[in-house]
Amino acid sequence: MAHYWHEDIECMSREDMRKLQSERLVAQVKHVYEHVPYYRAKMDEKGVTPDDIQSVDDLHKLPFLSKADLREAYPYGLLAKPLSECVRIHSTSGTTGKRVVAFYTQHDVDLWEDCCARAITAAGGTDEDVLQVAYGYGLFTGGAGLHGGSHKVGCLTLPMSSGNTERQIQFMRDLGSTILCCTPSYAAYIGETLHDMGLTPDDIKLKAGIFGAEPWTEEMRRTIEQSLGIKAYDIFGLTEISGPGVAFECSEQSGMHINEDHFIPEIIDPETGEVLPEGEIGELVFTAIDKEAFPMLRYRTRDLCKLTREKCGCGRTLIKMCKPMGRSDDMMIIRGVNVFPSQIETVLIEQGYTPNYLIEVDRKNNTDTLDISVELTAEQFSDKMKDVQDRERSLAAAIKTMLGISPKVHLVSPKTITRSEGKAVRVIDRRKLHD
Ligand code: ADP
Ligand code: ZN
């Protein structure tokens, strides 16, 4: 049974979608020009007026907004509605620096929660489900977004927030949770804890998980699916654009549909700012076309990814984005080679290790060093030195094949790498600390 939350929008013809986007964009640019002096100055500087924007084809004429702009305009400089009309504030996790705050009117909260309702529905959720929200509640958008979406769908909502993993599992069992929402790293931790408690997926009723807020590989997806006995769906979003639900995965599990009636995506060359043709990898840029309080025109996410309009088996016509390959600022340049943590994760899981690892980069005697600590499971753990050295050597070789540079691999005892209940910290780059 095909199941959509907003079938008219999610399966809209391309032509009608473009028309809707154009109407909303034209009105939004006027709204911003009139109410946000900060952005008006940027438009004036570029010599663009609202009259120059007649349809989505003109989007590329607008200036970009970046995280630096948000920090400069902090806290109220990009607000497009009086505070009396705003009802909510959220803040980014601050993964890559100072936090920024975003404002919401009731309309903004509604459209965001609707996006999450689309995601829950696409994961098979209905009013028959018990949905456990194990994203953090508070300033972080994960908890609030999925919570609101769950209410809209009519699921019985368990607002657990993150943490207290054994209690998560106890509630999951007692109340028969069928859908789990949290970060993928926390989902992996919950799966591991379930096993440690002597339980199996047969002891819980979960059927689906909606995991996002951080990058995760296909290998990680399979690990989570097995450990919890579920189908795991990706969900993408960022506070500046509203929160989780900007894009969501369907049953095809091959990229995320972007809610493009609200957010128009573009892929640009991060160096030149030029818009790239469909299918090319570059930086993802969003324009929020019907958000009121914090509109964001051409916001540069720094996430690297590509878009595709290929027909999707689920029947949705919404454009799809691939799994982000990481942020441009996640990329490490080690001995001149570009390295993404996700490449390392792929090798680890392929070689039969768990996603519990820590990457440490440093510079010694003018040479970059790459150290990867990887945790062994109790089953893998061996006190025979020789075994450990052989394993370390073969894992280092596999990683070298992937990256082109040799790491130093350290296999460490079970349960020695800190687990994440929210966004995992997997990289420590000491070179930055020395600078
Ligand atoms: P912060 O930038 O401080 O982490 P947010 O909490 O708003 O703030 O996080 C948004 C960012 O999280 C995105 O720009 C993206 O890099 C990452 N992200 C969110 N969802 C996903 C996902 N499903 N896959 C990969 N990365 C994601
Ligand atoms: Zn689909």
Side-chain angles (χ1 to χ4, degrees), residues 2-5 7 10-11 66-67 70-71 90-102 112 115-116 118-119 121-124 135-136 138-146 181-185 187 209-218 220-221 224 232-259 263 265 283-286 294 296 299-305 308-331 340-342 345 420 422-426:
H3 203 72
Y4 313 102
W5 180 245
E7 185 167 357
E10 294 175 58
C11 303
S66 67
K67 203 124 180 166
L70 266 67
R71 290 187 178 129
H90 279 286
S91 160
T92 61
S93 321
T95 314
T96 57
K98 189 180 154 193
R99 289 162 181 263
V100 300
V101 288
W112 171 30
C115 289
C116 290
R118 289 181 192 173
T121 308
Y135 279 114
L139 281 170
F140 176 52
T141 50
L146 271 311
C181 300
C182 59
T183 58
S185 53
I210 304 176
F211 307 129
E214 64 183 359
W216 52 312
T217 56
E218 286 299 329
M220 176 94 157
R221 186 201 310 259
I224 296 171
Y233 297 83
D234 203 352
I235 184 168
F236 172 87
L238 59 164
T239 314
E240 298 88 323
I241 302 302
S242 66
V246 170
F248 62 95
E249 214 167 42
C250 63
S251 51
E252 302 293 303
Q253 292 182 309
S254 61
M256 293 174 272
H257 289 285
I258 296 174
N259 284 311
F263 318 113
E283 180 178 348
L284 185 58
V285 171
F286 281 112
F294 206 62
M296 296 290 108
Y299 181 66
R300 295 183 61 156
T301 64
R302 297 186 290 179
D303 290 312
L304 297 175
C305 120
T308 165
R309 286 202 189 278
E310 265 169 43
K311 208 165 177 301
C312 187
C314 75
R316 288 177 184 79
T317 49
L318 298 171
I319 195 167
K320 277 159 82 171
M321 58 182 271
C322 71
K323 246 180 194 314
M325 291 141 186
R327 303 190 200 199
S328 49
D329 38 13
D330 276 345
M331 190 185 79
F340 281 101
S342 59
E345 182 175 297
S420 156
K423 295 198 189 212
V425 178
R426 304 205 190 272

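Atoms within each ligand, like the ligands themselves, are counted from 1 in listed order.
Considering backbone and side-chain atoms alike, W216 places every N or O at 3.5 Å or more from each N or O of ligand 1. Where the criterion is an N or O separation shorter than 3.5 Å, residue side chain and backbone included, A213 meets it with respect to ligand 1. Ligand 1 has no nitrogen or oxygen under 3.5 angstrom from a nitrogen or oxygen of T301. For T141, no nitrogen or oxygen atom sits less than 3.5 Å from a nitrogen or oxygen atom of ligand 1, counting backbone and side chain alike. Close N/O approach between L238 and ligand 1 is not found [any backbone or side-chain N/O within under 3.5 Å].
At least one heavy atom of R327 sits closer than 4.0 Å to an atom of ligand 1.
Here 4 is the count of protein N, O or S atoms positioned under 2.8 Å from the Zn ion (ligand 2), waters not counted.
Less than 4.0 angstrom separates some heavy atom of K67 from each of these atoms of ligand 1: 2 (O). Each of the following atoms of ligand 1 lies closer than 4.0 Å to a heavy atom of D234: 22 (C), 23 (N).
With W216 contributing its side chain and T183 its backbone, the two residues share no donor-acceptor pair below 3.5 Å. Y135 places a side-chain N or O within donor-acceptor distance of the main-chain N or O of G212, the cut-off being under 3.5 Å. Judged by distance alone, with hydrogens and angles left aside, the side-chain atoms of E240 form no donor-acceptor pair with the main-chain N or O of T92 at under 3.5 Å. Without hydrogens or angle criteria, D234 side chain to M256 main chain gives no donor-acceptor distance under 3.5 Å. A donor-acceptor distance shorter than 3.5 angstrom exists from the side chain of R221 to the backbone of A232, with no hydrogens or angles considered.
The pair R300-E283 meets the salt-bridge criterion, with a side-chain N (NZ, NE, NH1 or NH2) lying under 4.0 Å from an Asp/Glu carboxylate O.
Applying the 6.0 Å contact sphere to CD of E310 captures no more than 12 heavy atoms from other residues, nucleotides or ligands.
Counting heavy atoms only, D303 comes closest to atom 15 (C) of ligand 1 of the residues D303, I235, D330. Among E240, M325, R302, K423, the residue whose heavy atom lies nearest to atom 9 (O) of ligand 1 is K423. The residue from L284, V100, T239 that puts a heavy atom closest to atom 7 (O) of ligand 1 is T239.
Applying the side chain to side chain contact (heavy atoms under 4.5 Å, CB included) rule to C312 yields the partners C250, E252, H257, C314, K320; only residues at least two apart in sequence or on another chain are considered.
Contact check for P244 versus W112: side-chain heavy atoms found under the 4.5 Å cut-off.
Classification of the F263-F286 ring pair by plane angle, with boundaries at 30° and 60°, yields perpendicular.
At a 4.0 Å heavy-atom cut-off, ligand 1 does not touch M321 at all.
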>> Applying side-chain contact (heavy atoms from CB on, under 4.5 Å) to D303 and F236, what does each step give before you reach the verdict?
In response: CA-CA 11 Å; D303 290 312; F236 172 87; 3.4 Å; yes

> Under the side-chain hydrogen bond (donor to acceptor under 3.5 Å, both in side chains) criterion, do E10 and Y4 qualify, and how do the steps go?
Replying inline: CA-CA 7 Å; E10 294 175 58; Y4 313 102; over 6 Å; no

